[in-house]
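Labels below follow one simple rule: chain letters A, B, ... track the order of the sequence lines, proteins then strands, and each chain is numbered from 1.
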Protein chains: 2
Amino acid sequence: MKENETGIEITLEIVCGKWKGLILWKLLHEKPMRFNQLRREIDGEISSRILSRELRKLTDDGLIERIDYEMVPPKVEYRITPYGKTTASFLTSMNEWGLEHKRMSTSRKEMARLINK
Amino acid sequence: MKENETGIEITLEIVCGKWKGLILWKLLHEKPMRFNQLRREIDGEISSRILSRELRKLTDDGLIERIDYEMVPPKVEYRITPYGKTTASFLTSMNEWGLEHKRMSTSRKEMARLINK
DNA sequence: CGGCATCCCGTCCGATACTG
DNA sequence: CAGTATCGGACGGGATGCCG
């Protein structure tokens with residue numbers, strides 16, 4: 001373990017990419033959700049293939065849990081785990097920063113011009 | 001602008017990828033730095049091509065500033081901007097989470113097992 | 001010193017179609 | 001309902017070499 005290694009790298013391994021942060025954020029604030037429910041509620045329209053893949057990654061990493069009711073028709077729920085809940089600390093910060101900057105401007109570049117001026 | 005859009009998405013557009021978060025983090029805590037100095041000090045060994053590209057993206061987004069002294073041999077410095085400094089809020093959270101989880105375990109999977117048990 | 005050119009690979013992301 | 005199969009494009013990341 002390197003001495004000066006930042007925590008940023010480790011955290012990025014988890015939330016990097018377009019979707020995992022959003023999925024975690026959703027499951028942090030809702031009850032366990034079913035596959036298609038999650039699919040509908042995530043803004044930005046995620047395809048079932050991508051959602052399936054991202055859910056698998058999060059499950060493999062122990063951040064969420066897959067509950068298969070083994071019914072016909074199938075019913076599967078995804079729930080945040082205790083470990084997953086700990087991500088709320090930085091996801092909340094990220095959300096606040098993003099919202100702040102969305103409120104202030106329509107674009108990041110414009111934002112930058114205003115602040116840096 | 002959508003109503004329920006999360007700030008997460010916006011924030012991820014900036015720090016996503018392996019390097020931009022680390023570069024920002026470095027420049028947040030140091031004086032303006034030269035290209036090769038930055039290259040040497042970033043852990044994980046970044047190639048000059050990649051560093052160059054990432055620095056350009058950050059500059060285009062107004063998060064850092066490129067100062068060319070127009071000397072021979074070339075001297076160029078990169079400095080965090082006021083806008084870039086605002087990212088400290090969430091980068092700090094991300095760093096803390098990562099360090100916390102690095103301290104507790106050698107791997108994320110083991111970490112997950114411990115917490116979720 | 002601070003890059004850019006070239007080539008390459010693996011991953012991310014997506015549309016469409018299909019299935020138990 | 002909850003996915004998988006297939007195909008394909010875009011992007012991130014890297015090795016090597018060259019240049020003013």
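Distances shown here put a side-chain N or O of A:Y78 below 4.0 Å from the OP1 or OP2 atom of D:dG3. Note on A:W19: a side-chain N or O is less than 4.0 Å away from OP1 or OP2 of C:dG14.
B:I46 has its CD1 atom 11 Å from the C1' atom of D:dG14, to the nearest Å. Atom CZ of A:R66 is separated from atom C1' of D:dC1 by 12 Å (rounded to the nearest Å). The distance from atom CZ of B:R53 to atom C1' of C:dC4 is 13 Å, rounded to the nearest whole Å. The CG-C1' distance, from A:L51 to D:dT4, rounds to 13 Å in whole Å. Taking atom CE of A:M71 as the reference point, atom P of D:dA2 lies 10 Å away to the nearest angstrom. B:I67 has its CD1 atom 18 Å from the P atom of C:dC1, to the nearest Å. Residue B:I42 contributes atom CD1, which lies 12 Å from atom P of D:dG13 at whole-angstrom precision. Look at CD1 on A:I50: it is 13 Å from C1' on D:dG3, rounded to the nearest Å.
By the 30° and 60° cut-offs, the orientation of the rings of A:W25 relative to A:H29 is perpendicular.
In this model, no side-chain donor or acceptor of A:S47 finds a partner on the base of C:dC13 within 3.5 Å. Remark: the B:R49 side chain and the C:dG3 base include no donor-acceptor N/O pair separated by less than 3.5 Å.
The side-chain contact (heavy atoms from CB on, under 4.5 Å) test with A:K85 is passed by exactly one of A:L24, A:I80, A:L63: A:I80. Checked against B:M33 for a side-chain contact (heavy atoms from CB on, under 4.5 Å), the options B:I42, B:L27, B:V76 give a single hit: B:L27.
Across all strands shown, A:Y69 has no heavy atoms under 4.0 Å from either base or sugar-phosphate atoms. Counting any heavy atom pair closer than 4.0 Å across all strands shown, B:K57 reaches sugar-phosphate atoms only and no base atom. Using a 4.0 Å heavy-atom cutoff across all strands shown, B:R39 reaches no nucleic acid atom at all.
Checking D:dG3, D:dC1, C:dC7 against every side-chain atom of A:S52, the shortest atom distance belongs to D:dG3. Considering only the side chain of B:K18, D:dG14 comes nearest among C:dG3, D:dG14, C:dG14. Of all nucleotides listed (C:dG14, D:dG13, C:dG20), D:dG13 comes nearest to the side chain of B:E54.
The minimum heavy-atom distance between A:R79 and A:P32, with the atom names listed, is CD-CG, 3.7 Å.
The residue among B:R34 and A:K20 whose nearest nucleotide of DNA chain C lies closer to the 5′ end is B:R34. Mapping B:R40 and B:R56 onto DNA chain C by nearest heavy atom places B:R40 at the nucleotide closer to the 5' end.
Side chains of B:T6 and A:N95: a donor-acceptor N/O pair is absent below 3.5 angstrom, by distance only.
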